[in-house]
Number of protein chains: 2
Amino acid sequence: MDNHLSSVKNSCRLLKLFLDSEKEMGVSELSRQLQLSKGAVHKLLMTLESEGFIKQNPANKQYALGYTLLELGNKVIKNHNLADFTKPFLQRLAETTQELVCLCIRDQLDAIYVEKIDSLHPIRFNVEAYRRFPLYATSAARAILAFQDEAFIGNVLQEKIRTFTPYSLKEPEEVMERLKRIREQGYEISSNMRNVGVTGIAAPIYDADGTVNASISLIGPTDRVNPSLDTFIQLVVETTRDISFQLGYRNK
Amino acid sequence: MDNHLSSVKNSCRLLKLFLDSEKEMGVSELSRQLQLSKGAVHKLLMTLESEGFIKQNPANKQYALGYTLLELGNKVIKNHNLADFTKPFLQRLAETTQELVCLCIRDQLDAIYVEKIDSLHPIRFNVEAYRRFPLYATSAARAILAFQDEAFIGNVLQEKIRTFTPYSLKEPEEVMERLKRIREQGYEISSNMRNVGVTGIAAPIYDADGTVNASISLIGPTDRVNPSLDTFIQLVVETTRDISFQLGYRNK
DNA sequence: TTTTTCGTTCACTATACATGAACGATGTTT
DNA sequence: AAACATCGTTCATGTATAGTGAACGAAAAA
């Protein structure tokens, strides 16, 4: 808060408000949520609109996100060569297992699915790509979190833990225990924690220097995943091992 | 420039610089391009980074776009229901023609492809989605531009015209003439103007109130498009007519 | 080694920003 | 229809803040 540009910070916060809103928003609503005067919000919007970051609907004077953000977001993926690089591996894994396969990365204190191959089963589970979620929440995320240093894990777990189902992990200690098991066995498997009836299998991707900032996970209905559990685990682990090797990681 | 927030404007300009850069950028380079002091740029970057809009590579201290922009960009598509709505129409058109089919929209003074179905031919042409380009540059864009009011068209054509091939339109008068023909025949067809050896066929989508802000285009190698030209034109025009009708547009 | 260029920090002053009230327009309630 | 509420937008004002430019150590280039 100290050496930050307040109006820039406000504009960032304003833009992010649209992430959790399904509709357009007006000056008054934004000013309430940001706790800023209407005049200030209006000026923010005018500036952002002139740069294409915001778009006003002439019909109802309400505001929405602008297409320049689409350009910028697309550029982020392009810059992220890990997604390109791992795509063939994901495709092969998806083909042999016929289940949803995702590439998950860490960004700051959050996890994001940046690539996925959908299952072709008529009954299939889906995840939301490009949207942040907590690093303790899914198997893919925990497969990354497990290999961060202690201080970082402490940081993540000190915020109030969000639960998604009655089976979600609730206490930091539960998560810590799970992370320990992930480190021991090299992969994570969990059911019902993010969505009931859904099982995920995930394993970490190592960089050349041995750090973990990404993982691959296989996600599907528990009924269908369980019968092939051992094969699926092996396939996921092998895939991440291959990728890590290609990235220059050499397990002693 | 008057009632705009300068630091917000600077931050927007800074972010956009990354669109035309293939690599990460440092404080000095950004400060040169923005004509701002290094100190100011550094403070901008610190603020943007704290909000996830920018990411610093610890290895070389260079900066790149952050994943929050990925979230925001994705939200823009979700909000844009025209893309969802037209997708089935696009898919049908792509299936019958086996060529690249795109949905193009207008945003301010630019055009953007917001949806596309790739051709399955081994030899196929591709376009860059989610990236702005001038409204006079492609058949899809001109199919939109032709139906804007005169003042707007004048605005677009008064900026220096960018050419992409030796066959691109160079003079405002040439464009105007072409737009007239589009209005007369209801569709646009052009070859070699954006890419040599490529032909595009495009027709406008009308809103319920009769305004045009989107178009559909079929794009492919001239050798393959020409033999079926008349059928393709008819199919494109019919598709846009169907969509316009569904949107509530009633041609007298 | 020397020299340049880098990212980062800091004190300082002009100025640009957030405020809060007032405006007309729009839409809701009585 | 009339009264009311709420909307987006505008504006003058005083203060907090943004941009400057020099100085720093670190890292690369010569």
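Just so you know, these numbers use all the heavy atoms, side chains as well, and skip hydrogens, waters and symmetry mates. In what follows, chains are A, B, ... by sequence order, proteins preceding strands, each numbered from 1.
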Visitor: In whole Å, what is the span from the OH atom of Tyr63(B) to the C1' atom of dC6(C)?
Guide: 11 Å
Visitor: Assess whether a salt bridge exists between Arg178(B) and Glu188(B), defined as any Lys/Arg side-chain N lying under 4.0 Å from an Asp/Glu carboxylate O.
Guide: yes
Visitor: Would you indicate what Glu29(B) reaches in the nucleic acid, counting non-hydrogen atoms under 4.0 angstrom: base, sugar-phosphate, or nothing?
Guide: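 Answer is nothing: Glu29(B) stays at 4.0 Å or more from every strand.
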Visitor: Between atom OG1 of Thr163(B) and atom OH of Tyr136(B), what is the distance when rounded to the nearest 0.5 Å?
Guide: 8.5 Å
Visitor: What integer distance in Å separates Leu34(A):CG from dC17(C):C1'?
Guide: 15 Å
Visitor: Quick check with a 6.0 Å cut-off and a 45 degree axis cone: is Arg106(B) positioned over the face of Tyr67(A)'s six-membered ring?
Guide: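 No; the conditions do not both hold, so Arg106(B) does not lie above the ring face of Tyr67(A).
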Visitor: Would you mind reading off the bend of the helix from dT3(C)-dA28(D) to dT30(C)-dA1(D) from its two end axes, five pairs each, to 10 degrees?
Guide: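 For the helix from dT3(C)-dA28(D) to dT30(C)-dA1(D), the axes at opposite ends meet at about 40°.
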Visitor: Under a 4.0 Å threshold between the charged nitrogen and the carboxylate oxygen, would Glu29(A) count as salt-bridged to Lys38(A)?
Guide: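 A salt bridge is absent here (no side-chain N lies under 4.0 Å from a carboxylate O).
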Visitor: Give a yes or no on whether a salt bridge exists between Asp20(B) and Arg131(B), defined as a side-chain N under 4.0 angstrom from a carboxylate O.
Guide: yes
Visitor: If you compare every side-chain N and O of Gln62(B) against the phosphate oxygens of dG7(C) (OP1, OP2), does one of them come in below 4.0 Å?
Guide: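 The answer is yes; a side-chain N or O of Gln62(B) sits under 4.0 Å from OP1 or OP2.
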Visitor: Are the charged groups of Glu22(A) and Lys75(B) less than 4.0 angstrom apart, N to O?
Guide: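 Yes, charged N to carboxylate O under 4.0 Å.
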Visitor: For Glu71(A), is there an ion pair with Arg132(B) - N to carboxylate O distance below 4.0 angstrom?
Guide: yes
Visitor: Walk along nucleotides 18-23 of chain C from 5' to 3' and tag each nucleotide B, S or - by protein heavy-atom contact under 4.0 Å, base first, then sugar-phosphate.
Guide: BBB---
Visitor: When you get a sec, tell me which of dG8(D), dG7(C), dC6(C) is the closest nucleotide to the side chain of Arg32(B)?
Guide: dC6(C)
